[in-house]
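So the structure is just underneath, and the comments pick up after that.
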Amino acid sequence: MLDTTYRVHILPGALDAVGGVARVAVRAHRYAIVTDSNVGPLYGERVREALSGQAADLFTIPAGERHKTRETWAAVTDRMLDAGFGRDCAVIALGGGVVGDLAGFVAATFMRGVPVIHVPTSLLAMLDASIGGKTAVDTPAGKNLVGAFHQPAAVITDPGVLATLPVEQYRAGITEALKHGVIAEAAHFDAVAATAAGIDRHRPDARAISAIIARSVEIKSAVAYGDYRESGRRKTLNFGHTIGHAIEHLSGYALLHGEAVAIGMCVEAEIAERVGVARAGTADRIRAACAAAGLPDRRPMDLAAEAIVAATHGDKKGRAGRAEYALPAAIGGMAFGDRGWAAPVDDAVVLAALA
Ligand SMILES: NC(=O)c1ccc[n+]([C@@H]2O[C@H](COP(=O)([O-])OP(=O)(O)OC[C@H]3O[C@@H](n4cnc5c(N)ncnc54)[C@H](O)[C@@H]3O)[C@@H](O)[C@H]2O)c1
Ligand SMILES: [Zn+2]
């Protein structure tokens, strides 16, 4: 039986409580704080100080998805070994989803597995990547192809650090929160849409965004742990991602994941209406919410629809070369519950939805 029980602390100022939480959750003799070159200078010392006297070393990796690799994993584990870290250590992942995935994989593999505490600092990491226990690195063959399931001992989320997050990264997190609303709860979708509207002019207030993070965490946990690993209901979390991944890849990663998935949600909701599983107007509501948050709601016109369809066939979620889709029945609920929560769709329908 896998132990998937851990606490998620969401509170402005929670960064300063890392020491107390770590003492209760893992009782390690030494901590490896893994962070990146943007987040480290902003919050690294603060977290080290919060550990108040418990031994801790800071390991800083270069920021960015292109460093989420086996090479970076090797560099971090080598440096930990050089510094004399042993079985009695724990990893603290301080950063966005890239740090979370990489440091999580370090923790999953170092000495055959040591505890990890996630301290997510991007909105996407707070409401999505830090929950569920997936860790991975990318390889030249694709994203997240080498990794492990490794549940955190605790998650410490301080919405106060969002003050320094670039607005386009903030928006990218909003996409996944909207997705949680579509797959599980219309009221959450409406709350996220209202909070994110006009995000260019003013950042959401701490209380509103804390509530959104908390609800998204509950939804993702219920879906991820209600059905552990990639079978069944967990597939609904892929809503927007079959088209989204294809567009993200074809754009040469010029589009952020959250931007590509926003387009993916709009297109896949359109597909859902066209195949007759979604209530009319579902796609319009998603497009309106994306537009109000400053997220793209249609494919970039320089990406041909045919190329996007072809790219979906390479998606690792597809079976036997046919792309599978998790599609909404309405805002707040997903279709295909009677057949594993995803189904293949004819290319012609996908092309029409992209047109
Ligand atoms: N494990 C999962 O279940 C899961 C789920 C979703 C996404 N992911 C992974 O997460 C990654 C994307 O995460 P991301 O969007 O957080 O990207 P990221 O980690 O690259 O962070 C985005 C950028 O924001 C910076 N940043 C983060 N927090 C900051 C802060 N508070 N202030 C200033 N700058 C800050 C980072 O340095 C980086 O430049 C991808 O690799 C994706 O595969 C994993
Ligand atoms: Zn995503």
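All residue numbers in this chain count up from 1 along the given sequence. Note that ligands are numbered from 1 as they come in the structure, with each ligand's atoms numbered from 1 the same way. Values below: every heavy atom of this structure, side chains too, minus hydrogens, waters and symmetry copies.
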Legend entry - N, O or S atoms of the protein lying under 2.8 Å from the Zn ion (ligand 2): Glu176 OE2, His241 NE2, His257 NE2
Inset, instruction - Not counting sequence neighbours, list each pair that qualifies as a side-chain hydrogen bond (donor to acceptor under 3.5 Å, both in side chains) and has a residue in residues 103-128. - result: Trp73-Thr109, Asp128-Lys220
Legend entry - Nearest candidate to atom 1 (N) of ligand 1, where distance is taken over non-hydrogen atoms, out of Asp101, Thr135, Ile131, Val137: Asp101
Legend entry - Nearest neighbour in protein (non-hydrogen) for atom 12 (C) of ligand 1: Leu124 CD2, 3.8 Å
Legend entry - Protein contact of atom 18 (P) of ligand 1 - nearest heavy atom, named by residue and atom, plus distance: Val98 CG2, 3.8 Å
Inset, instruction - Would you check whether Val99 has a nitrogen or oxygen atom less than 3.5 angstrom from a nitrogen or oxygen atom of ligand 1? - result: no
Legend entry - side-chain hydrogen bond (donor to acceptor under 3.5 Å, both in side chains) partners of residues 293-302, not counting sequence neighbours, each pair once: none
Inset, instruction - Among all protein heavy atoms, pick the one closest to atom 38 (C) of ligand 1 and tell me residue, atom and distance. - result: Asn38 ND2, 4.0 Å
Inset, instruction - Using a strict 4.0 Å cut-off to heavy atoms of Lys134, name the atoms of ligand 1 that fall inside it. - result: 1 (N), 3 (O)
Inset, instruction - Please determine if Val161 has a nitrogen or oxygen closer than 3.5 Å to a nitrogen or oxygen of ligand 1. - result: yes
Inset, instruction - If you have a sec, work out which protein heavy atom is nearest atom 28 (N) of ligand 1 and how many Å separate them, to one decimal? - result: Thr121 OG1, 2.7 Å
Inset, instruction - Check the hydrophobic clustering (I, L, V, M, F, W, Y; side-chain heavy atoms under 4.5 Å; chains of links allowed) and say if Val309 and Leu250 are grouped together. - result: yes
Inset, instruction - Can you sort out which atoms of ligand 1 are near Lys220, meaning under 4.0 Å from one of its heavy atoms? - result: 3 (O)
Inset, instruction - Before signing off on this row, confirm whether Asp128 and ligand 1 have an N or O atom pair separated by under 3.5 Å. - result: no
Legend entry - For atom 29 (C) of ligand 1, the protein heavy atom that lies nearest, with its residue and separation: Leu165 CD1, 3.5 Å
Legend entry - Asn144: numbered ligand 1 atoms lying under 4.0 Å from its heavy atoms: 43 (O)
Inset, instruction - Kindly assign one of parallel, tilted or perpendicular to the pair Tyr225 and Tyr6, based on the angle between their ring planes and the thresholds 30° and 60°. - result: perpendicular
Inset, instruction - Look at ligand 1 and say whether Gln169 reaches it with a heavy atom at a distance under 4.0 Å. - result: yes
Inset, instruction - Check the pair Glu185, Arg215 against salt bridge (Lys or Arg N to Asp or Glu O under 4.0 Å), reporting the backbone distance first and the verdict last. - result: CA-CA 10 Å; Glu185 188 177 82; Arg215 190 68 193 123; 2.8 Å; yes
Legend entry - Distance filter under 4.0 Å to Asp36 heavy atoms, resulting ligand 1 atoms: 36 (C), 37 (O)
Inset, instruction - Would you mind checking which non-hydrogen protein atom is closest to atom 40 (C) of ligand 1, with the distance to 0.1 Å? - result: Glu65 OE1, 3.1 Å
Inset, instruction - With rounding to the nearest 0.5 Å, note down the distance linking OG1 in Thr135 to CG in Leu102. - result: 9.0 Å
Inset, instruction - Any atoms of ligand 1 less than 4.0 Å from a non-hydrogen atom of Gly96? List them with their elements. - result: 16 (O), 19 (O)
Inset, instruction - Would you please indicate if the ring centroids of Phe59 and Phe85 are separated by under 6.0 Å? - result: yes
Legend entry - Selected option - heavy-atom contact closest to atom 11 (C) of ligand 1, from Gly40, Gly97, Ser130: Gly97
Legend entry - Numbered atoms and elements of ligand 1 in range of Lys68, under 4.0 angstrom, heavy atoms: 40 (C), 41 (O), 42 (C), 43 (O)
Legend entry - Sequence neighbours excluded - side-chain hydrogen bond (donor to acceptor under 3.5 Å, both in side chains) pairs with any residue from residues 156-168: Tyr43-Thr164
Inset, instruction - Run the contact test for His241 against ligand 1 with a 4.0 Å cut-off on heavy atoms, strictly below, and give the result. - result: no
Legend entry - Reported CD1-to-CD distance for the pair Ile286 and Glu268, which is rounded to 0.5 angstrom: 9.5 Å
Inset, instruction - Considering only non-hydrogen protein atoms, determine which one is nearest to atom 33 (C) of ligand 1 and report residue, atom name and distance to 0.1 Å. - result: Thr164 O, 3.1 Å
